[in-house]
Every structure is written in structure tokens, then in C-alpha cells.
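One structure is given here, and the rest of the page talks about it.
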Amino acid sequence: MPNLETVVSEIVDEMRQRTDRGEVARYIPELARVDPGHFGLAVIGADGTVAAAGDCDVPFSIQSISKVFTLTLALGMVGDRLWQRVGREPSGSPFNSVVQLEYERGIPRNPFINAGAIAVTDVILSGHQPREALGEILRFMQYLAQDSSITIDEAVAASEQRTGFRNVALANYMKSFGVIDNPVEYTLGVYFHHCAISMTCRQLAVAGRFLAHSGRDPSTGLSVVQAERAKRINAVMLTCGHYDGSGEFAYRVGLPGKSGVGGGILAVAPGKASIAVWAPGLDAAGNSHLGRIALERLTKRLGWSIFGE
């Protein structure tokens with residue numbers, strides 16, 4: 001087995017030299033200002049070994065990666081009843097598409113497209129004030145990452161609220177079918193803010209460890225979710241975690257993963273490692289261009305694909 005630290009530092013060097021960096025997300029003004037030259041990678045092995053290089057300690061907006069953690073929270077609150085509100089199938093459509101909702105009577109195809117994540121957020125909000133629900137999500141992230149300094153980037157959240165007209169349309173459409181229970185502006189406020197959580201690759205890799213180790217945090221031995229639920233979350237990440245590029249990611253990388261338009265990807269090598277990569281430039285499907293390439297190289301060199309070496 002190649003040395004993990006060597007592999008990580010080699011990949012970071014390779015990615016830094018590439019000129020094909022994708023395009024930063026321009027439809028969210030704050031994200032449009034991010035330097036596409038950034039690249040960070042952090043890998044935490046089963047024994048707690050950390051291999052991290054590049055801009056691994058520079059905070060970035062995790063965006064849709066937060067949807068893995070809101071899904072985990074919502075499942076903890078209502079269990080499998082959640083699946084009455086949101087499906088588990090790949091969408092085959094852009095992450096902010098309205099078309100499918102019309103055909104499928106307001107039920108979003110999966111919890112990782114925008115409509116699905118808004119429905120999941122609504123579940124977390126029920127019975128709470130928006131500030132309380134958001135606090136619960138943020139505390140959960142801080143707990144998993146073992147870092148109470150993690151915050152929400154208010155400038156990014158405000159930027160999304162000013163420009164999130166498509167998300168407003170999605171939420172109102174679902175409300176018309178009874179999929180959203182709470183006032184739309186409350187649900188969207190919590191949604192925009194949890195997408196604006198700011199984390200580093202290192203923090204994100206720590207937060208995702210429970211998914212790589214059957215629902216347990218291996219550093220504390222504490223159970224975050226049951227092994228069965230961790231397995232199910234990983235399955236949805238594999239099939240739906242990269243929007244309309246999920247098949248390509250599974251084909252090339254072979255790991256459960258979740259991307260965000262801030263350029264981050266959280267990937268899980270079950271039983272082996274939790275991985276976070278950040279490269280702000282996106283491909284046509286809205287996933288980190290160099291992040292995906294880096295993960296493909298990592299799994300190939302370490303033999304970590306879940307489909308075999």
C-alpha cells in the first residue's frame with residue numbers, strides 16, 4: 001500500500017499545476033469572488049492518521065455538502081417516515097429543476113437536490129423557531145467536527161437569499177402540494193443559512209468520519225447513527241450525491257460522496273477513510289472539476305473504490 005501522506009501531497013502538487021480549473025459558481029455573488037486557484041485535500045484514515053495538504057485549512061462555503069448532515073438529523077427525528085416526503089432516486093435533471101416536481105406531485109426525487117433538501121430542512125424546522133433549528137444544525141456540525149469555531153458565513157447566506165428565486169419557486173410549489181409544513185420564508189431562511197456553513201477540508205473530513213465507520217466516530221467510539229442508517233446514507237450519496245453527474249462520479253471515483261457548488265466534496269471510503277477536497281472551479285453539472293479528478297487519482301492509487309481495486 002502506498003504511503004497515504006505521499007499520495008496526498010503528490011495529488012495536491014499535480015492539481016496545483018493544472019490549468020483546467022472549471023468555473024466558480026457565478027449565480028451566487030459571494031461565491032463568484034472566490035479564487036479558482038485554491039486546492040485543498042484532507043484524508044483521515046481509520047486509525048486517525050491525517051494526511052492533508054494544499055489549502056486544507058482555508059474555510060470555504062460547504063453549500064450542498066450540508067445536506068448530508070441535515071438528512072442525518074432529519075432521519076434521527078422522524079426515521080423512515082422522511083421518505084414519504086422525499087424520494088431516493090437520482091434525478092437526471094439539474095439540481096434546481098422545477099419540472100420533475102410537477103410530474104411527481106411535489107415530492108422531490110432525492111434529499112440532495114435543492115427541492116429535496118428544502119423538504120428535509122422543513123422537517124428539522126417543525127416544532128422550532130428558525131433560529132433554534134439553525135442552531136441545532138450548526139451544533140451538530142461542530143460536534144461531528146469536534147470544533148466549536150465552525151460558523152455560518154452570513155455574507156454568503158445573504159447573497160443566496162437575495163438571488164435564490166428558483167429555490168423560492170421550488171418551496172412554494174412543494175407548499176402547494178402539502179410537502180412543506182412551515183412558512184416558506186422560515187424554511188428557506190434555515191436552508192440558505194445551513195448551505196452557508198463555512199468549513200475547512202480538515203474539519204469536513206473529521207465531520208464525515210461516522211459515515212466511513214458504520215455510524216460511529218472512531219476517535220470517541222460514540223455512535224452517531226446506527227450502522228444500518230450510515231449504510232443507507234452512503235447509498236444515497238453514491239447514487240444522488242453529485243446531481244446529474246452522480247453516475248460519472250461513481251464510475252470514475254467509486255465512493256459515496258457529496259458535492260457542493262462552493263467546490264467542496266466529502267467522500268467516504270467505508271471502513272478506510274473520510275476524505276474532503278476543495279477546488280472552487282465547477283464542471284457543467286455543478287461539481288468540483290479538479291476535486292473529482294483528485295479523488296479519482298486517490299482511489300486508483302490506494303485501491304479504495306468500493307467496486308474493487
Side-chain angles (χ1 to χ4, degrees), residues 24-34 59-74 86 91 94-97 108 110-125 128 130-142 144-145 150-171 174 180 182 184-201 203-204 207-208 233 236-237 240-243 257-266 276-278 280 282 285-288 291:
V24 295
R26 303 213 173 275
Y27 59 91
I28 300 173
E30 282 295 314
L31 297 186
R33 295 161 49 177
V34 178
F60 62 91
S61 186
I62 67 169
Q63 293 294 312
S64 288
I65 301 171
S66 67
K67 296 170 185 177
V68 172
F69 303 99
T70 52
L71 172 62
T72 305
L73 269 178
V86 59
S91 68
F95 55 80
N96 57 0
S97 172
N110 67 68
F112 294 151
I113 54 174
N114 290 16
I118 292 167
V120 168
T121 301
D122 189 67
V123 169
I124 297 171
L125 176 57
H128 297 85
R131 189 177 293 277
E132 294 168 352
L134 193 58
E136 194 159 337
I137 295 167
L138 185 60
R139 280 192 301 276
F140 186 53
M141 296 299 302
Q142 292 170 339
L144 292 174
I150 293 166
T151 57
I152 292 164
D153 187 325
E154 291 291 345
V156 173
S159 187
E160 293 195 58
Q161 276 188 298
R162 280 196 308 273
T163 58
F165 305 113
R166 185 77 66 95
N167 288 319
V168 173
L170 292 170
M174 288 189 288
I180 299 292
N182 297 284
V184 164
E185 60 272 22
Y186 288 5
T187 300
L188 285 171
V190 177
Y191 172 76
F192 288 136
H193 278 78
H194 75 63
C195 286
I197 290 172
S198 182
M199 295 174 73
T200 68
C201 288
Q203 290 168 332
L204 198 53
I233 294 168
V236 181
M237 286 171 71
C240 308
H242 285 76
Y243 312 122
K258 182 71 197 88
S259 66
V261 296
I265 302 174
L266 171 66
V277 63
W278 175 49
L282 309 178
N287 302 308
S288 175

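Ring orientation note: the planes of F60 and W278 are close to parallel, at an angle under 30° on the 30°/60° scale.
Looking at every heavy atom in both residues, T163 comes nearest to P29 through CG2-CD, 3.9 Å. A276 and L204 make their closest contact through CB-CB, 3.9 Å (heavy atoms, listed as atom of the first residue, atom of the second, distance). The shortest heavy-atom contact between A171 and V184 is CB-CG1, 3.7 Å. In terms of heavy atoms, G189 sits closest to Q161 at CA-NE2, 3.8 Å. Heavy-atom minimum distance, Q203 versus S198: OE1-O, 4.4 Å. The heavy-atom pair separating S159 from I28 by the smallest distance is OG-CG2, 3.7 Å.
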Trace of the side-chain contact (heavy atoms from CB on, under 4.5 Å) decision for I62 with M141 = CA-CA 11 Å; I62 67 169; M141 296 299 302; 4.3 Å; yes
Using the side-chain contact (heavy atoms from CB on, under 4.5 Å) rule, take Y191 and T70 through it: C-alpha gap first, then chi angles, then the decisive distance, then the call.
-> CA-CA 10 Å; Y191 172 76; T70 52; over 6 Å; no
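At distances below 3.5 Å, not a single donor-acceptor pair connects side-chain atoms of K258 with backbone N or O atoms of I65. A donor-acceptor pair under 3.5 Å is formed between the side chain of N287 and the backbone N or O of H242. In terms of modelled atom types and a separation under 3.5 Å, the side chain of T121 and the main chain of A117 share a donor-acceptor contact. D153 contributes no side-chain N or O that, together with a main-chain N or O of A196, makes up a donor-acceptor pair within less than 3.5 Å. In this structure, the side chain of N110 does not engage the main chain of G116 through any donor-acceptor pair within 3.5 Å.
Atom-to-atom distance recorded for I137:CD1 and I152:CD1 is 8.0 Å, nearest 0.5 angstrom. One finds the CZ atom of R166 at 10.5 Å from the OH atom of Y27 (value rounded to the nearest 0.5 Å). Taking NZ of K67 as the reference point, atom CG of L266 lies at 14.0 Å (rounded to 0.5 Å). The distance from atom SG of C201 to atom CD1 of I265, rounded to the nearest 0.5 Å, is 10.0 Å.
Side-chain contact check for T72 versus L144: every heavy-atom pair is 4.5 Å or farther apart. Contact annotation: the side chain of L71 never approaches that of V86 to less than 4.5 Å [non-hydrogen atoms, C-beta and beyond]. Looking at R26 and L282, their side chains never come closer than 4.5 Å, going by heavy atoms from C-beta outward. Side-chain contact between V277 and S288: absent, with no pair of heavy atoms (C-beta onward) separated by less than 4.5 Å. Looking at L31 and Q63, their side chains come closer than 4.5 Å, going by heavy atoms from C-beta outward. At least one side-chain heavy atom of V68 sits under 4.5 Å from a side-chain heavy atom of M237.
T187 pairs with exactly one of I124, L125, V123, N167 by the side-chain contact (heavy atoms from CB on, under 4.5 Å) rule, that one being L125.
Each salt bridge (charged side-chain N to carboxylate O under 4.0 Å, His left out) pair with one or both residues in residues 190-201, not counting sequence neighbours, would appear here, but there are none.
For the 3.5 Å distance criterion, the side chains of H193 and E160 fail to qualify, holding no donor opposite an acceptor.
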